[in-house]
Structure formats: C-alpha cells, structure tokens
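Here the structure comes first, spelled out in structure tokens, and everything after it is commentary.
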Amino acid sequence: MKKIAIAFILLFFGFVNLNKADEGMWIPLLIEKFNIQDMQAKGFKLSADDIYSINKACLMDAIVIFGRGCTGELVSDKGLLLTNHHCGYGEIQKHSSIENDYLTDGFWAMNQQEELPNPDLKVTFLNRIEDVTDQVLKGVKKEFSEKERQEIISENIKTIKEESEGETDLKVSIKPFYYGNQYFLFIYKEYKDVRLVGAPPSAIGKFGGDTDNWMWPRHTGDFSIFRIYADKDNNPAEYSADNVPYKPKKFLPISIKGLNEGDFTWVLGYPGGTSYYITSDAIKLIKDVRNPNRIKVRDKRIDIMNAYMQVNDTVRIKYASKNAGASNSWKRWKGEIIGLNRLNTYEKKLELEAQFNDWASKNDEYNNLVPELAKVYNEIEKYIVASDFYREAVMSVEIVRFASRFDGLIKMSESDDDEALNGEVERLNKMMKSFYKDYVQAIDKDIFIELLPMYFLNVDQKFHPELEDVAVQNYKPYVESMYKSTVFTNQEKTQKLLESKEGIKELANDPVYKFYKSFNKVYKEEIFPVNDSLNGRAQYLYRAYMKGLMKMQKDKVLFPDANFTMRVSYGKVAGFSPKDAIDYKFYTTLDGVIEKDNPKIYDYDVPDKLKEIYKEKDFGRYEVNGTVPICFIATNHTTGGNSGSPVLDADGNLIGLNFDRAWDGIMSDMELDPERSRNVTLDIRYLLFIVDKFAGARHLLNEMTIIE
Ligand code: ARG
Ligand code: GLU
C-alpha cells in the first residue's frame, strides 16, 4: 500500500522517468550530464567520475576491448583479465590438438611460466574521450552535397588525428554518433602480449552449447582467464619472455555478497551495433527479407557441419569455432523475427513516422524525409539480397574465401616491388598454416554444392556471373571438377607456388580463384557500388531524421546507436514472464546443471569431477541455500560486443560477466521490451567456484580482491 502511495506521488509530481525502462547504451563522458541522477535514483552509489575521468584512476581504466569483438576486465594488479569462454575460444582452440585437447579438458596455468602466448591477440585500453563535433564539421555548409561534406569531414578527421597522434603507442579513432550529428574522438592504447591463463572445459564454459545459446534458463560457465604482459616500463611490447605482468591503473574488486531481485546493476563495455532509429521499411526488410534469407542459407551450412562433427572427434575440434560462429547469428536472426512481430515494431514505427511527418511538414529541413527513405529501401532491396547471398552462399565457402586472400599477391606479382611481394608471401604463409590446420575438404565441398544453387535461385538474374563450364543448373559436377583441379586444397603445392612469380601466375589461373573472381566482379561492379551509394543516401537522410526525432521528442534523451565504443548500460536484476503462466526466476544454480546432465548429449555432458563436487557438496564460500549460483538476468540493455563485459553492483564491484541475452527479448537492437529483454550474466561466484574447487587454481584467487 505504501509503495502504491509513493508511486502515485512520484507520478503526480512528474518525477517518473519517461524514458522506457532501462533502455539505452550511454557514453561514459556524458553520464554526468544525462544519466547520473537517474542512476543514483535507481540505487547507484558512485559518482560519474568514478566511471570516467581523465584526472584519476576510474573504472573505465579496468576495461579493455578484448581481441576484435569482445570486452574484458582486469581483476588483479598483475594484469589478470577475465572475459567469456566464447571470446577466448579462438585462442583456446588454436592451442588445442588431440593430445592437448584444451577445448574438452580445459586449461590451467599453474604458474606464470605455463601461461600461453597468443600472437594474434591484443587488448585495447581507452585513455580518453572528447567531443570533436565542431572540429570535424568545421567548414561544412548546409548547401553542400553529401560528397562535398564527406570530403571536408575526412580532411578534418585526418588533421585532428595527426594533431593527437603525437603521443607514442596511442591510437586515435574518431567516430560518428547519431548518424553524424555528433563526433567523438577516442584515444586507445593497445597491448599485444596477452597470454592464456585458464579456461574451463567446454562442458562448463560452453555448457548447453548452441542448444541453450540465447536462452534462459542458462547454466553456462562462460569465462576464460588471460594475463596482459608489458615491457619493464609497463608499456606495450610484442611477446617476449622478458615481459612482465602489466600493472593496471585500476582493477575491479569482486563481490560475492550475493544479489537480490531489484538490485541495481550496470554494465561497462563495448556494444557493437544497434539500429534503434531505423524506419518501418528497414524493419520490414530485416524481418521479412534479410533474416529469412540468411537463415535459409545457414540452415544448410550448419546441418552439414553438424553431420560431420558428430561422427568424428578430430573434425569436431577443427570445426568447433566455425560452427559456433555460424549458428550464433543464425539463431539471433530467428529470435529477432519473432520478437519484432510480437512487439509490432513495424506498426509502431509507422505511427511514429506519421507523427514525424506531421511535425516535419512545417519545416523544410525535415519535411519528406520518411518518404525519401522509403524510396531508398525500395530501390536497395534487390542489391541487399544479392549482397547477402554473395556473403552467405558464396564467400562462406571456405575454399573460395581462401582463394580470395591471394588477390593482393596476384596483383603485386605484376609489379616490381619485390619487398612488398615478399612481405605478402610471408603473411600468406602464416595465414595458410591456420587455414589448413582446420580445413576439412569433404565438409567444404558438400557445403559448396548445396549453397551455390541458392545464389542463382534467389538473386536477380542481372547479378549472375558468367561461369566457365557450368552446364545450367548442374552445379555438382562443376564444383567437383573444381576441387579436382584446384591447387588450393593442397598445402605443399600452394606453398611451393608462392616461391616464384611463375608460381603465383599459376595461382591466378586456378579454377577456384577464377570462380571467385567472376563472382567478385559482379559484386564489385554491379552490387557494391549501387548498394554503397544508396546507403550513403540513407545515411544522409537518417542524419536529418535523427536530428528531427531528437527535436520532436524534446522531453526524452535518445541514446546514440551502439558503434563499438565504450558504453554504460544500467538496470536491475529481474526475472520475467515469457509466456502466459510461465515465470522465470532471475538466477540459476548448480542443481540445474545436474538436472541437464546427459552423457549421451554433447552439449549436456557434465564433467565427472563437477558431479563429484556436487555430490559432496564441497561448495565452500560460494554456497547459497545448499547449492551454487550459476547465472542471473537483469534489464541492462546490451548487445554483441558486450560479451565479457563486467556486470557491476551499485558500488562498482564485479558481480558477473555478461555473455548473452535471453531469446524472448533478443530484438532489443531495434526495440527493447522492458518486460522481456534481459542480459544474461555469469555469476562471479560460479567463476570463482570453478577456479577454486574444480581447477584448484587458488593462486589466481589470491591475486584478486574478493569482498565477502
Ligand atoms: N550468444 C552469445 C553471443 O552472441 C554467445 C555465443 C557463443 N556461444 C555459443 N554457444 N555459440 O556471442
Ligand atoms: N554473446 C554476445 C557477444 O559475444 C553478447 C550477447 C548479446 O548479443 O547481447 O558479444
């Protein structure tokens, strides 16, 4: 009763935040201006400069971009870093073989000497953010064409970068926000010696596999541990045995005090991309055309991989990472279609657009934008379809993509720059090693035979390349003959050919390379340019539309779409109800792992050791009500790229690792459903429990600051 009274009073005085619940991925630099009051009202106990500050060590200093598409966070003063198992997966897989099967058995370095270097991996710290809108748009005039505008902007960006790049080891990036209404500059520092410290077996780190992926309830221990190394002055350095553990400006304390429904939580990380402000036509294109097309192609590709992986362990290891990658988006696309339809996002956009058109009709700057965008979508559709099939049905064939990598070399071999040529050969030799290590021709060939006809069946005739020797509709013998005569399936021969210019010329005549070239020609000449120019037109219209939207909805702060820059999302711990009569709790426990246990199903084959610990109830300080918490969900607005991001409590302590979203709210890149959109987090207590009780790697825990 009291609660109702308070809610009523708040409503009456207009204190209620009219923004939809917990929507938004906010720029750390602007938290003070836009969010801090709201955050504190919801339970946050720190101030904005505890998150982001250039004058003192703050939480941002403990966060990194991990590799190319994930987030990680530091948890010790010796450079110890946590991220997801699926983020470290590529590295774990590269170190794995039948003899040392770290994917299956897990890996734990028992001292620093045993930590494994990863030549292809880097982590990136953010030093500072600046609003550079005025400098970037300097000299830009209203009457400029889009091309003129872009030229000046590129020039300006170049100048700003040159001015800021003076400092050693720093990388400068300038990115548009709100479709180019605003620009921010980011100064980054990269560390290149990052070593693998620990990873649980996949039966923990990927428990539930692709069956449970994107789902709640979830029981995945999705974490891996790395360590950043630096030179003796704490600066970035290439791998060297002499490097020492990096000393961070800040690392995150860990809280194992536990959590309750309604608790404030927040996420600091690198969401990759959202499309929150696209028009109704764009929504339609995604849910009715693009997603169904891409799903259709991947259905086939994934089925073929699975069939081979199930019967052969070597193949399973080789294709594990490829398979996980392919099925991840495939499943998300499916969920997006369902979610967008359920939310009636399309219809809601139509309503908003009607309102916008009405508002804009009195103002030249914004008038007619929506109909103009509709025209663009109408024109662009067949180009997008063609480009999706080019990517999904042609370039996803491994041997074709592999052949495409020799493009640069073949061009270079026609010039006299031998130094460049040798450099390229060296690069390709490295690339080839990792390609052949995990290549299974039989799988690739089956995929090629199934996928190629899909391109021809679904793509407008004018984008069909002329292929040599193809009897119409008779792709199978055609593909088979390519495999018979191509050199690319033979590692030794391919390597040998790279040794001379004559050899490289021979590659240029390889049937697979020629196949790739004929498709690429159509793509480059017919598909890409039109796609690109229509896209440019859309960006131009969206810039005005976005500005208009912000003006029209003055009482609301609209967050800028995610663009793989650091963001803050905040919300609360909360279960949800996906369907009538079903209520999801906000947490899962070890009991659920044991319930799912089934040695016959790869995704649910619980390691014996974990079962023993469970039987003996040896849970130590991680125990809650006779079991161990595994995952929890909350209302933080996150997306791909947020994997590995720290989920923090009101005091800024680490309470978990973000790794997924729940299926029922997965369309949140386009529209968040406050009732159902949830980020899925690995409870930090399960991580510590596995490191402690399962792996016996207590030395790692001793490095961390753990608040009990
Ligand atoms: N869905 C999560 C993300 O988007 C996890 C993906 C990895 N896990 C998997 N089972 N494929 O990256
Ligand atoms: N698993 C995703 C990632 O790799 C995070 C889940 C999401 O898309 O929200 O970033």
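Both counts, for ligands and for their atoms, begin at 1 and track the order of listing. Computed from a predicted model, the values in this text were never measured in an experiment.
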Strictly distance-based, threshold 3.5 Å: is any side-chain N or O of N127 a donor or acceptor partner for the main-chain N or O of I187?
no
Proximal atoms of ligand 1 relative to G209 (non-hydrogen, under 4.0 Å):
10 (N)
At a non-hydrogen distance cut-off of under 4.0 Å, which region of R332 contacts ligand 2 (side chain, backbone, both, or neither)?
neither
So which of N658, N323, N213 gets nearest to atom 5 (C) of ligand 1, if we judge by its closest heavy atom?
N213
Given 3.5 Å as the limit, does a donor-acceptor pair link the side chain of S255 with the main chain of L654, or not?
no
Mutual orientation of the aromatic rings belonging to F564 and Y270 [parallel < 30°, tilted 30-60°, perpendicular > 60°]
tilted
Ring pair (Phe, Tyr, Trp, His ring centres under 6.0 Å), that's the test. Do F44 and F264 meet it? Break it down for me.
CA-CA 7 Å; F44 188 49; F264 179 85; 5.6 Å; yes
For atom 9 (O) of ligand 2, the closest protein heavy atom turns out to be R661 NE, 2.6 Å
Does an N or O anywhere in F659 fall below 3.5 Å from an N or O of ligand 2?
yes
Measure the distance from atom 2 (C) of ligand 1 to every protein heavy atom, then report the residue, atom name and distance (to 0.1 Å) of the closest one.
D660 OD1, 3.2 Å
Y542 and Y179 aromatic ring geometry - parallel, tilted or perpendicular at 30°/60° bounds:
parallel
Taking every heavy atom of D683 against every heavy atom of P629, the minimum-distance pair comes out as OD2-CB, 3.8 Å
Examine F402 together with Y439 and report whether their ring centres are nearer than 6.0 Å.
no
Residue selection (non-hydrogen contact nearest atom 11 (N) of ligand 1) among I666, D210, N328:
D210
In terms of ring plane angle, is the pair W108 and F223 parallel, tilted or perpendicular, where the classes change at 30° and 60°?
tilted
Suppose I only count heavy atoms of N642 and a 4.0 Å limit; which atoms of ligand 2 are within that range?
10 (O)
Checking R401 side chain against M395 main chain: does a donor-acceptor pair fall under 3.5 Å?
yes
With backbone taken as N, CA, C and O and side chain as the heavy atoms from C-beta onward, which portion of W214 lies under 4.0 Å from ligand 2: side chain, backbone, both, or neither?
side chain
Numbered atoms of ligand 1 (with element) below 4.0 Å of F659, judged on heavy atoms
2 (C), 5 (C)
For atom 12 (O) of ligand 1, what is the nearest protein heavy atom, given as residue, atom name and distance?
H86 NE2, 3.1 Å
Donor-acceptor contact below 3.5 Å, side chain R298 vs main chain A326:
yes
Residue H86 vicinity, atoms of ligand 2 by number, heavy atom under 4.0 Å
1 (N), 3 (C), 4 (O)
How does R661 reach ligand 1, by side chain, by backbone, by both or by neither, if only non-hydrogen atoms under 4.0 Å count?
neither
If you take the nearest heavy atom of each of G272, G665, G640, which one is closest to atom 8 (O) of ligand 2?
G640
Please confirm whether the backbone N or O of F125 pairs with a side-chain atom of Y191, one donor and one acceptor, at under 3.5 Å?
no
For A324, take its heavy atoms, then give the atoms of ligand 1 lying under 4.0 Å from any of them.
11 (N)
Suppose we measure from atom 6 (C) of ligand 2 to each protein heavy atom; which comes out shortest, and what is that distance?
D660 CA, 3.5 Å
How far is atom 10 (O) of ligand 2 from its nearest protein heavy atom, and which residue and atom is that?
G641 N, 2.5 Å
Heavy atom of the protein closest to atom 2 (C) of ligand 2 (residue, atom name, distance):
S643 OG, 2.7 Å
